[in-house]
Amino acid sequence: MATQAQTASTSPRSASKRIRQGGFFSQTLPFWLLLPMLLVIAAIQFYPGFYSIWLSFQERQGAVWNFVGLRNFERIFGSAAFRESIGHTAVFLVGYVVVTMAASLVIALLLNRKLKLSGVYISLIFIPWVIADVIAGLVFGLLVVPDYGLLSPILSNPALFPPNGLSIPSDPAPRPWISGFPFPPAPAMYYLILATAWRALPFVTLLILAALKTVPHEIIESARIDGASSFQALRFITLPLILPTLVVALFNLILGGMNGIGLVFTLTRGGPGTATEVLSFLLYTIGFGRLEFGRAAALSVFIAIINLTLIILTLRVSRTEERTA
Amino acid sequence: MQARLPSPQDYATRRRLRPWLTNGAMIAIVALLMLPIALTLSTSFKREQDVLRRPPVLLPCDGPDGQFRLSQCRFDIEGYERVIAPRPDVSSLLGFRLTGRMFSTYVPNTLLYALASSGLVFVMSGLAGYAFSRYRFRGRRALMVAILAITGIPLLTNLLALYQMAVDLRKAGIPGYDERMFIIAVYIGFQLPFSVWIVKGFFDTIPRELEEAAFIDGCTPIGALWRIVVPLAMPGLLAAFLLCFVNVWNEFIAGYLLITKRELRTVMFGMYDFLSQNIINYQVVAAACVLIAAPVVILFLLTRRTFFQAMTEGAVKG
């Protein structure tokens with residue numbers, strides 16, 4: 001009796017108590033419950049992860065793989081395509097993150113004003129999030145087909161886009177301001193940023209809206225009574241309070257943007273030329289277009305390191321402690 | 001110069017005007033965001049000769065004199081017909097067969113993959129979520145953080161290795177092996193971590209006293225999970241199922257690279273394939289976009305509460 005009372009006091013969970021009382025199966029029950037998940041994750045996440053690292057040190061000659069040390073990394077990092085692609089990815093990510101965050105913040109602030117129709121607005125805004133990236137790419141692509149696309153009369157208007165109007169699928173990038181860095185980008189890049197932001201916007205809006213709902217109304221009101229303008233209240237009270245969410249949203253956006261490929265696939269295919277060849281598409285081109293698996297694996301290890309860094313930063317910022325309780 | 005302080009009347013006017021301004025702004029934003037969808041819908045119902053007009057027309061409703069008249073609208077379902085390609089067939093149930101590849105091959109395949117992986121995710125995340133929510137064991141915390149971290153790992157960086165694994169598995173000649181098993185496993189592997197996280201969150205909200213009462217009545221832990229926790233946590237489990245279904249339906253690159261047999265490929269491959277085949281038939285591409293996006297959009301609109309609840313409560317990201 002005494003031991004049981006002790007058990008109960010150290011671990012008040014009745015289920016845990018039962019573990020200790022039962023036979024082998026029920027003693028190890030959590031393990032059996034977790035086993036299916038662990039097996040799948042080991043086979044689909046961990047094994048391929050290590051396989052990729054192994055592949056990145058190999059090169060295929062005929063049917064056999066040869067260990068080549070860091071040669072794949074040297075060749076990928078030394079290639080002009082990689083350097084160029086880093087530039088495209090940087091331009092893409094900055095544009096996409098700024099557009100998405102700014103638009104989401106504005107929409108979330110509007111929705112937070114307790115409108116009668118908020119539910120309708122949120123449902124409609126969320127539709128792009130459910131639409132596949134491949135379909136979004138096709139839809140945006142159809143709009144700008146030269147001559148026939150529904151946006152083409154606007155884009156080809158020389159008054160709006162001097163001197164000759166704009167053709168998104170084919171216009172090359174203007175001369176870069178700094179040689180070697182693709183800025184200003186080609187029109188296709190702006191368009192790719194818009195299309196990607198269109199799909200990412202709903203989720204970020206929902207995140208920010210959820211955070212805004214936790215900001216106590218009283219603080220804002222008392223600041224307003226003390227003479228703060230609504231912009232000052234936003235800048236000095238609301239934004240600092242929702243900063244963790246904004247940072248998590250930022251990391252999420254970068255992670256999604258780095259690894260998204262469906263939209264590039266159907267909207268620009270990296271073109272015109274290589275103007276929208278971001279890292280994810282370069283990975284595809286090297287691995288499956290040119291079948292240079294070793295070098296593509298080296299690139300995927302590089303992207304995976306960035307991903308892991310972003311994930312660890314996200315875990316730091318979001319309150320994991322609380323959530324694993 | 002002293003700025004004029006707002007009078008009480010100013011505040012009153014502002015308070016009355018504000019909802020109108022906010023609603024106006026929101027309607028403008030929603031309209032802008034819906035524009036690509038609306039234009040695609042309009043394209044999908046056009047006839048070929050109206051799609052190929054220069055300059056393009058928004059709605060094909062102008063008569064020979066160029067005036068807009070509703071009675072002149074030439075809407076057609078030709079695009080849809082060409083996607084579905086129904087052929088009369090006396091032996092089938094409805095009297096016709098869908099012969100377009102999209103609906104004869106890709107949609108059934110994707111339904112199979114999506115339902116199989118969502119169903120298995122439902123079961124596995126229920127079991128694992130229960131373990132995480134109700135038991136305290138060594139390594140639990142580390143494992144949970146690991147699962148949370150995996151949630152963020154995108155498919156892209158594992159693609160090459162998964163491709164090699166698919167090649168190796170095909171060569172290995174395991175009896176009864178089928179590419180479909182591998183792609184379903186891949187989908188489960190990438191959907192499961194987030195689902196476990198959502199489901200665990202929902203399980204946490206269910207009072208333990210309910211199960212304890214069941215234990216006293218002689219119920220086993222699995223019995224309590226099945227009879228008490230699962231029914232109560234249905235919204236969470238359903239959210240995991242739906243999220244997985246939508247994600248698998250929308251997935252492109254894994255289906256494209258890991259499946260070699262054409263007759264086993266997915267809808268998103270079908271969409272991508274359309275791009276190369278119907279480059280002039282924009283109304284067909286638009287109709288295919290509408291037909292393939294509509295099921296998940298409708299599913300989402302019907303179950304949006306479940307979605308939002310899961311995303312704000314169970315989300316990693318918050």
Side-chain angles (χ1 to χ4, degrees), chain A residues 11 13-16 29-30 33-34 36-37 40-41 44-45 48-49 51-52 55 107 110 113 115 121 123-125 127-128 130-132 134-135 138-140 142-143 147-148 150 152-153 206-207 210 248 252 255 259 261-262 266 280 287-288 293 296-297 300 303-304 307 311 315 318 320 324, chain B residues 22-23 25-26 29-30 33-34 36 39-40 43 52 54-56 124 127-128 130-131 134-137 141 144-145 149-150 152-154 156-158 160-162 185-186 188-189 192 196 212 215 221 246 250 252-253 268 271-272 275 282 285-286 289 292-293 296-297 300-301 304 311-312 317:
Chain A
S11 128
R13 318 286 181 210
S14 123
S16 295
L29 186 62
L33 291 174
L34 291 170
M37 175 195 77
V40 174
I41 288 179
I44 303 300
Q45 300 263 12
Y51 200 171
S52 303
L55 275 174
I107 298 175
L110 287 172
R113 287 183 171 179
L115 302 167
Y121 296 144
S123 301
L124 287 174
I125 286 178
I127 290 177
V130 202
I131 290 175
V134 167
I135 293 185
L138 287 171
V139 163
F140 276 79
L142 285 184
L143 296 181
D147 296 336
Y148 304 122
L150 289 172
S152 67
L206 192 75
L207 272 186
V248 169
N252 259 292
L255 200 63
N259 295 278
I261 190 167
T266 43
S280 58
F288 300 98
F293 258 55
S300 70
I303 299 175
N307 289 343
I311 290 166
L315 291 181
S318 61
T320 328
T324 49
Chain B
T22 317
N23 272 312
M26 271 321 297
I29 290 169
V30 169
L33 289 175
M34 293 298 106
L39 295 180
T40 306
T43 307
L52 295 179
R54 285 193 272 181
M124 289 182 191
L127 295 177
Y130 188 66
R134 293 301 194 255
Y135 293 98
R136 298 292 176 273
F137 48 88
R141 227 190 160 75
M144 288 202 62
V145 175
I150 294 172
I153 293 182
L156 182 79
T157 51
N158 275 350
L160 290 149
L162 289 169
V186 169
I188 296 172
L192 194 54
V196 169
E212 276 160 27
F215 290 148
V246 170
N250 285 347
F252 164 64
I253 194 80
M268 288 307 145
M271 292 306 302
Y272 173 66
L275 195 62
Y282 303 120
V285 181
C289 285
I292 297 307
V296 282
V297 170
F300 160 74
L301 288 175
R304 60 187 184 280
M311 288 171 79
T312 42
K317 308 153 176 189

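Only a predicted model underlies this, so the values are computations on that prediction, with no experimental measurement involved. Proteins come first, then strands; the chains are lettered A, B, ... in the order of their sequence lines, and each starts at number 1.
- Taking 4.5 Å as the limit, every side-chain heavy atom of Leu156(B) sits out of range of all side-chain heavy atoms of Ser300(A).
- Residue Tyr148(A) touches chain B through both its backbone and its side chain, counting heavy-atom pairs closer than 4.5 Å.
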For Tyr121(A) and Asn23(B): C-alpha separation, side-chain torsions, deciding distance, then whether side chain to side chain donor-acceptor pair (under 3.5 Å) applies. CA-CA 10 Å; Tyr121(A) 296 144; Asn23(B) 272 312; 2.8 Å; yes
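- Checking side-chain atoms of Asn259(A) against main-chain N and O of Thr157(B) turns up no donor-acceptor pair under 3.5 Å.
- For the options Leu33(A), Val139(A), Ile311(A), Leu115(A), heavy-atom pairs under 4.5 Å to chain B are most numerous at Leu33(A).
- Taking chain B as the reference chain and counting heavy-atom pairs below 4.5 Å, the highest number among Leu143(A), Leu138(A), Leu55(A) is found for Leu138(A).
- For Ser123(A), the side chain to side chain donor-acceptor pair (under 3.5 Å) partners are Arg304(B), not counting sequence neighbours.
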Going through the checks in order, is the side chain to side chain contact (heavy atoms under 4.5 Å, CB included) test met by Phe137(B) and Leu34(A)? CA-CA 12 Å; Phe137(B) 48 88; Leu34(A) 291 170; 3.4 Å; yes
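- Heavy-atom pairs under 4.5 Å with chain A were tallied for Asn250(B), Val296(B), Ile292(B); the largest tally goes to Asn250(B).
- The minimum heavy-atom distance between Leu124(A) and Met34(B), with the atom names listed, is O-CE, 2.9 Å.
- The CD atom of Gln45(A) sits 8.5 Å away from atom CG of Leu162(B), with the distance rounded to the nearest 0.5 Å.
- Heavy atoms of Leu142(A) lying under 4.5 Å from chain B belong exclusively to its side chain.
- Contact between Ala161(B) and Pro48(A) at its shortest, heavy atoms only, is CB-O, 3.2 Å.
- Using a 4.5 Å cut-off on side-chain heavy atoms (C-beta onward), Thr43(B) and Leu150(A) make contact.
- When heavy atoms are compared at a cutoff of 4.5 Å, Leu192(B) approaches chain A solely by way of its side chain, counted from C-beta outward.
- Here the closest non-hydrogen pair linking Pro36(A) and Leu127(B) is CG-CD1, 4.3 Å.
- Here Asp147(A) is the residue among Leu110(A), Ile41(A), Ile127(A), Asp147(A) with the most heavy-atom pairs under 4.5 Å with chain B.
- Thr40(B) OG1 to Ile135(A) CD1: the interatomic distance, rounded to the nearest 0.5 Å, is 10.0 Å.
- No other option in Ala25(B), Ala149(B), Pro55(B) has as many heavy-atom pairs under 4.5 Å with chain A as Ala149(B).
- In plain terms, the two heavy atoms of Pro154(B) and Asn307(A) that are nearest each other are CD-ND2, 3.5 Å.
- Put simply, the side chain of Val196(B) reaches to within 4.5 Å of the side chain of Met37(A), judged on heavy atoms.
- For the pair Ala132(A) and Met268(B), the tightest heavy-atom approach, listed with the atom from each and the gap, is CB-CE, 3.5 Å.
- For Leu160(B), the parts lying under 4.5 angstrom from a heavy atom of chain A are both the backbone and the side chain.
- With chain A as the partner, the residue from Val246(B), Ile29(B), Leu52(B) showing the most heavy-atom pairs under 4.5 Å is Leu52(B).
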May I have the step-by-step check of side chain to side chain contact (heavy atoms under 4.5 Å, CB included) for Met124(B) and Val40(A), ending in yes or no? CA-CA 10 Å; Met124(B) 289 182 191; Val40(A) 174; 3.8 Å; yes
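- The two residues Gly262(A) and Phe252(B) make their nearest non-hydrogen contact at CA-CD2, 4.4 Å.
- Heavy atoms of Leu39(B) lying under 4.5 Å from chain A belong to its backbone as well as its side chain.
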